Amino acid sequence: MTVVTRFAPSPTGFLHIGGGRTALFNWLYAKRHGGKMLLRIEDTDRERSTDAAIEAILDGLKWLGLDWDGDVVYQFSRAARHKEVAESLLAEGRAYYCYATPQELEEMRETARREGRPSRYDGRWRDRDPAEAPEGVKPVIRLKAPTEGETVVEDAVQGRVVWQNKDLDDLVLLRSDGTPTYMLAVVVDDHDMDVTHVIRGDDHLTNAARQTQIYKALGWDVPQMAHVPLIHGPDGAKLSKRHGALGVEAYRSLGYLPEALRNYLVRLGWSHGDQEIFSTEELIQAFDLSSIGRSPARFDFAKLENLNGHYMRQADDAYLVEAIEGLLPELGDERGLGRTFPPALKQKLVAAMPGLKERAKTLVELLDSAYYLYAQRPLKLDEKAQSLLGDGRARLDGIPAKLRAVTDWSAAGVEAVVREHAEAIGAKLGQVAQPLRAALTGRATSPGLFDVMAVLGKDETLSRLEDQLSNAPAA
Ligand code: GLU
């Protein structure tokens, strides 16, 4: 059997973080078993589905590196097939026309509310002759669901879940306007797409029972179900925006690497011993449904940041420069940068990256920590840098001339000169290096000062120094 999974988002909003994780689990499971992951856009809700959401979902998946097999299937385009299946059930006596009016249904709900029990359709048209149909009422088609016994879902995550059939009413398959319900469309599509494994959020667990009844009525095999607990916030409550319930594209803007987010997401709910960091290959080898936990995982930004920092430190320098360049359309303007890096700056960024990436946890921090490379002269010093330079300006007297004389402009070459200068004025190295750093980078922290000077080059270093050491203290 070829494993076929699917990701089936409704395009009513962006690809949120829980959806990203569902897609990832489906992708990993398919890869693990040499199978396929299909993508189905569930756009039957015409009012709420938008092209912008479809685009955001496709973009989000691509950014996360989750590719799908074959063409995207649009559920709405299959409406005729859904109708055909509903009518076939009708012809076999496994479904029936129901003419209950909206008022009647409202009365049923009202009675249930009064009696404090869950509302269910009472089956009033189940065995009634359609010849009694009232004038002018367009019927829906309902499933003739079993009234006795149990409906069982053998779930790969939740275990055996049992419903009493008397608690499940005859669900609507086809609305009076001929459009399919979600319940019918999902079953027909999963069947026609040869889906073998349905991996999705456990908010769909009750739907799994309903869908199982439809499969049974059609005489089709029920796919293996796996309902994954939803992601909760750090406080254990439903995930809120503040605690991470954002679209995948927001994580991109916050400066996370897709591989780090992927690694983080897979660990939200799935574990493999106490291993935290996985290469994609390792994940594919290790992923299984039985190691998905039964309780909701808690989203933890700090953990995601640490993981991202780890991935950044391991990443190739040129790759990181490309990644921060990807943020410029959003963040470039406010930093005085355009939408792309000029080639010379790009070179400097690559050269400085080994020092920069040691400290940053996100790509946004990385971009900001590279400020000294793209800052325009005269630099604007932040408060800490102003105070360092204020205290130490005198200790830099004479340094420009000594640096001007350097012929070997390398980290080692400038280090020798700065050390010598510190010794000559009887100061510790830090007492010279700190104000120097402030003058050259505008900040109190930066990658190693001598590396910074080497990357800036002799002319830029001297010009920045002179900007700050000229009489008026720079603001
Ligand atoms: N379209 C449904 C959703 O976005 C998922 C349906 C399914 O996975 O079966 O919640």
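Here, residue 1 is the first one in the sequence, and each next residue gets the next number. Every number for a ligand or one of its atoms is a count from 1 in the order of the listing. Note that the coordinates shown come from a computational prediction; the quantities given were computed from them, not determined experimentally.
Partners of E325 according to the salt bridge (charged side-chain N to carboxylate O under 4.0 Å, His left out) rule, which considers only residues two or more places apart in sequence or in another chain, are K346. Annotation: side chain to side chain contact (heavy atoms under 4.5 Å, CB included) contacts of D221 (sequence neighbours excluded): none.
Cation-pi geometry between R46 and F76 is met: the NZ or CZ atom falls under 6.0 Å from the ring centre, inside 45° of the normal.
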Identify all N/O pairs between ligand 1 and the protein with a separation under 3.5 Å and present them as a table of atom names and distances.
unit_1   : atom_1 : unit_2 : atom_2 : d
ligand 1 : 1 (N)  : A8     : O      : 2.7
ligand 1 : 1 (N)  : S10    : OG     : 2.8
ligand 1 : 1 (N)  : E42    : OE1    : 2.6
ligand 1 : 4 (O)  : S10    : N      : 3.2
ligand 1 : 4 (O)  : S10    : OG     : 3.2
ligand 1 : 8 (O)  : R6     : NH1    : 2.8
ligand 1 : 9 (O)  : R6     : NH2    : 2.7
ligand 1 : 9 (O)  : Y182   : OH     : 3.3
ligand 1 : 9 (O)  : R200   : NH1    : 2.7
ligand 1 : 10 (O) : H204   : NE2    : 2.9

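Ring geometry for Y29 versus F287: interplanar angle over 60°, hence perpendicular rather than tilted (30 to 60°).
Between D155 and R160 there is no salt bridge, since no side-chain N of the basic residue sits under 4.0 Å from a carboxylate O of the acidic one.
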With a 3.5 Å cut-off and sequence neighbours excluded, list the donor-acceptor pairs that the side chains of residues 292-299 form with protein atoms.
unit_1 : atom_1 : unit_2 : atom_2 : d
R294   : NE     : V157   : O      : 3.1
R298   : NH1    : P234   : O      : 3.2

